[in-house]
Every structure is written in structure tokens, then in C-alpha cells.
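Inspection log for the structure reproduced underneath, given as C-alpha cells.
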Amino acid sequence: MNYIPRRSKEAGQSGYRVRFIGYLHRYKPTLIMTKLLEWLLGTAVVGIAWGLLTFDLLDLKLPQVYREVVWPMPVYLLVAFGCYSLATVGYRVATFNDCEEAAKELQAQIQEAKSDLVKKGLKF
């Protein structure tokens, strides 16, 4: 990998120009958004919106009824998230695929390993 700038003489030009070979394209900034960052970003947005509405920081002058609904909203969201998580885990467990061929292959490998160990003198 050569990161040293090379000088090349272009045809028809009187001077040299500097060109970087393979240097600039290797350092393109990329944003990697993991699931954790997605959840943290979503939680931050909802938390900021909740704080702005609850404490009336934008001076919206919301009616008291709306503030009474917004105040316990994090608890409602937490319960909804728990229900969603429980339903997702239940669905995934219910639709889990059995791999009978892989189980038979694994059992055969275990028997082969046991017979090999018995040949080497190990007693079960």
C-alpha cells in the first residue's frame, strides 16, 4: 500500500501535478447504525418529546387533560414494549424449526467420537 503522493507528468502540461493513489477513497466516513444505536436514538427522541410536552418547555399551553395523558406515557410505552417483546419471543419459539437431519448427523458424530475414545482406552 503506497500512501506517498506520486508526481506524474501529464501529456501536454508544462508542470507536474500531485495525485494520491488509493489514499482518499479509503477514508470515506461511514455511519454504522447498530440496533443499539437505533433504540437509543428512538428512546432519546421520545424522551425529549415527552420532556418538552410534560414540562411545557415550548410554551404550547396545552390543556390540563393532555398533560395528564402525557405524564404517565413512559410507563404505558414500557408496558407496550414488554407485551411486544413477550409476543415476539412466544412467536419465535412457536415457529422454531427442528433440524432432524442435523440432529441425526450430530448423534452419529457423537457415537463416532465415543468409539474412537474407547479405542484409545477411555472407559465410559
Side-chain angles (χ1 to χ4, degrees):
M1 292 186 191
N2 190 1
Y3 296 114
I4 300 172
R6 294 184 182 174
R7 296 185 181 268
S8 65
K9 179 94 172 177
E10 295 289 325
Q13 290 184 349
S14 61
Y16 290 96
R17 79 177 169 92
V18 176
R19 64 184 174 130
F20 291 90
I21 298 178
Y23 181 71
L24 296 177
H25 70 87
R26 287 195 174 107
Y27 294 102
K28 290 181 183 175
T30 56
L31 179 63
I32 298 173
M33 193 77 162
T34 62
K35 273 296 187 196
L36 175 63
L37 289 178
E38 288 177 11
W39 280 99
L40 289 176
L41 179 66
T43 304
V45 168
V46 169
I48 289 171
W50 176 80
L52 290 174
L53 292 174
T54 301
F55 301 113
D56 202 17
L57 298 176
L58 297 177
D59 201 24
L60 297 175
K61 295 183 175 54
L62 292 173
Q64 186 65 25
V65 176
Y66 291 159
R67 285 196 211 133
E68 289 174 0
V69 170
V70 171
W71 178 251
M73 192 61 66
V75 175
Y76 296 152
L77 291 176
L78 188 63
V79 169
F81 176 73
C83 292
Y84 170 75
S85 298
L86 188 62
T88 301
V89 169
Y91 174 76
R92 299 283 168 93
V93 167
T95 59
F96 187 74
N97 293 333
D98 291 333
C99 302
E100 293 179 16
E101 293 176 10
K104 289 177 183 176
E105 181 181 346
L106 182 60
Q107 289 296 329
Q109 288 177 357
I110 290 171
Q111 291 302 323
E112 181 182 336
K114 281 184 180 180
S115 64
D116 187 42
L117 290 173
V118 167
K119 288 178 186 177
K120 292 183 178 181
L122 184 68
K123 295 180 182 178
F124 286 98

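V70 forms part of a hydrophobic cluster together with V46, I48, W50, L52, L53, F55, L57, L58, L60, L62, Y66, V69, W71, M73, Y76, L77, judged by ILVMFWY side-chain heavy-atom separations under 4.5 Å. Within the hydrophobic cluster formed by Ile, Leu, Val, Met, Phe, Trp and Tyr side chains joined at under 4.5 Å, directly or through other members, L106 is accompanied by I110. Applying the 4.5 Å side-chain rule to ILVMFWY residues, one finds L36 in the same cluster as L40.
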Check residues 80-104 and write down every donor-acceptor pair under 3.5 Å in which the side-chain atom is one partner and the other belongs to a residue at least two apart or another chain.
| residue | atom | partner | partner atom | Å |
| --- | --- | --- | --- | --- |
| S85 | OG | F81 | O | 2.9 |
| T88 | OG1 | Y84 | O | 2.8 |
| T95 | OG1 | Y91 | O | 2.9 |

Return all side-chain donor-acceptor pairs below 3.5 angstrom for residues 116-124, not counting sequence neighbours, or 'none' if the list is empty.
none

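The side-chain hydrogen bond (donor to acceptor under 3.5 Å, both in side chains) analysis of residues 38-47, with sequence neighbours excluded, yields the pairs K35-E38.
Of all heavy-atom pairs between T54 and R67, the closest is O-CD, 4.2 Å.
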